[in-house]
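Each remark here refers to the structure printed beneath this line.
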Amino acid sequence: MWNRFQDQCLSKASELLGISRGPLTNNKKAKWWQSKAEEKVRNKKNRFKIWQKSGSDYDHEIYRSVKKEAKGEVALPMATYGEAFYIKLENAKDDRELFRLVRYRYANSLDIRTTKYIKNSDIKARWREHYSHLLNESSQFKVPTVEDAVKGPFRKFPPKKLKSEWS
């Protein structure tokens, strides 16, 4: 029953909203990244898969040594990349140049945020219809008023009895 429900939800959602082509790719790689490091990381990933399939201690030791090599190969260019920037910071003539360098570095560190527009008119029309339905739908719930909050649900208690009646 759950699988039928899930299939029905997915089919209706794809029918109404369409199917995405996947996440946006900005192809932004780290500037310090080198092909030698990429090769080592790829080798490490392959060794990990081999170790996961076999489960042997020998493969685990090989994976650990390859992982250590890859870590060092990645750390070296990462550490040396920032040196030039710090030298520029130390040699800045005045505050203006210093702040310009810092502003430039900050701007480069931000993620690329691009606005993608929907160019297909059919998809645009479906989204417009979907959101206009959601935004123009009248609420089926009653908005509580101050009087409702003050009235509140009171519990009806039996009339107070004397202690003698309870015992």
Side-chain angles (χ1 to χ4, degrees), residues 6 9-146 149:
Q6 182 182 8
C9 287
L10 289 174
S11 66
K12 284 294 180 185
S14 64
E15 179 185 316
L16 289 172
L17 304 173
I19 297 175
S20 170
R21 292 185 210 152
L24 298 175
T25 56
N26 56 12
N27 297 327
K28 183 178 181 182
K29 283 190 176 180
K31 292 176 183 167
W32 51 265
W33 192 255
Q34 296 177 349
S35 60
K36 192 175 178 185
E38 189 172 1
E39 187 178 309
K40 294 276 187 178
V41 170
R42 191 177 300 120
N43 186 24
K44 178 193 75 116
K45 287 181 179 182
N46 289 336
R47 276 296 175 187
F48 179 77
K49 289 176 186 175
I50 291 169
W51 168 54
Q52 289 295 304
K53 284 181 183 175
S54 70
S56 70
D57 291 336
Y58 176 72
D59 286 333
H60 185 241
E61 287 301 319
I62 292 174
Y63 164 69
R64 287 179 63 195
S65 65
V66 170
K67 179 181 173 184
K68 192 173 187 177
E69 286 177 30
K71 196 173 187 180
E73 197 65 44
V74 168
L76 183 65
M78 198 173 174
T80 58
Y81 174 73
E83 285 180 9
F85 173 73
Y86 291 118
I87 290 171
K88 285 181 185 177
L89 276 180
E90 288 175 4
N91 297 333
K93 297 174 208 150
D94 55 357
D95 288 345
R96 185 176 178 189
E97 187 177 351
L98 180 76
F99 288 123
R100 184 183 57 80
L101 286 168
V102 171
R103 215 174 17 250
Y104 179 74
R105 169 95 181 242
Y106 174 73
N108 284 340
S109 71
L110 295 175
D111 286 342
I112 295 175
R113 302 257 179 187
T114 57
T115 306
K116 295 289 183 177
Y117 298 101
I118 299 173
K119 295 178 181 174
N120 187 332
S121 60
D122 295 334
I123 296 173
K124 195 187 300 183
R126 281 188 277 168
W127 276 108
R128 187 177 291 121
E129 180 184 332
H130 174 71
Y131 279 111
S132 68
H133 172 71
L134 284 178
L135 297 173
N136 295 323
E137 187 178 83
S138 63
S139 177
Q140 59 183 338
F141 301 106
K142 180 186 171 200
V143 178
T145 61
V146 176

Got more than 12 heavy atoms from elsewhere within 6.0 Å of CD, Gln52? yes

Tabulate below the donor-acceptor pairs under 3.5 Å that side-chain atoms of residues 58-67 make, not counting sequence neighbours, or state none.
residue, atom, partner, partner atom, Å
Asp59, OD2, Ser54, OG, 2.5
Asp59, OD2, Ser56, OG, 3.2
Ser65, OG, Ile62, O, 2.8

Only pairs under 3.5 Å count here: list side-chain donor-acceptor contacts from residues 81-98, not counting sequence neighbours, and write none if there are none.
residue, atom, partner, partner atom, Å
Asn91, ND2, Ile87, O, 3.3
Asp94, OD1, Glu97, N, 3.2
Glu97, OE1, Lys93, N, 3.3

Partners meeting side chain to side chain donor-acceptor pair (under 3.5 Å) with Glu69 (sequence neighbours left out): Lys40

Let me confirm one number: the CG-CD distance from Leu10 to Gln6, rounded to the nearest 0.5 Å. 5.5 Å

Would you say that His130 contacts Leu16 through its side chain, given a criterion of any heavy-atom pair below 4.5 Å between the two side chains? no

Quick one: CG on Asp122 to CH2 on Trp127, what's the gap to the nearest 0.5 Å? 14.5 Å

To check you understand the geometry: which heavy-atom pair defines the closest contact between Pro77 and Thr80, and what is its length? O-OG1, 3.3 Å

Can you find a heavy atom in the side chain of Arg126 that is under 4.5 Å from one in the side chain of Ile123? yes

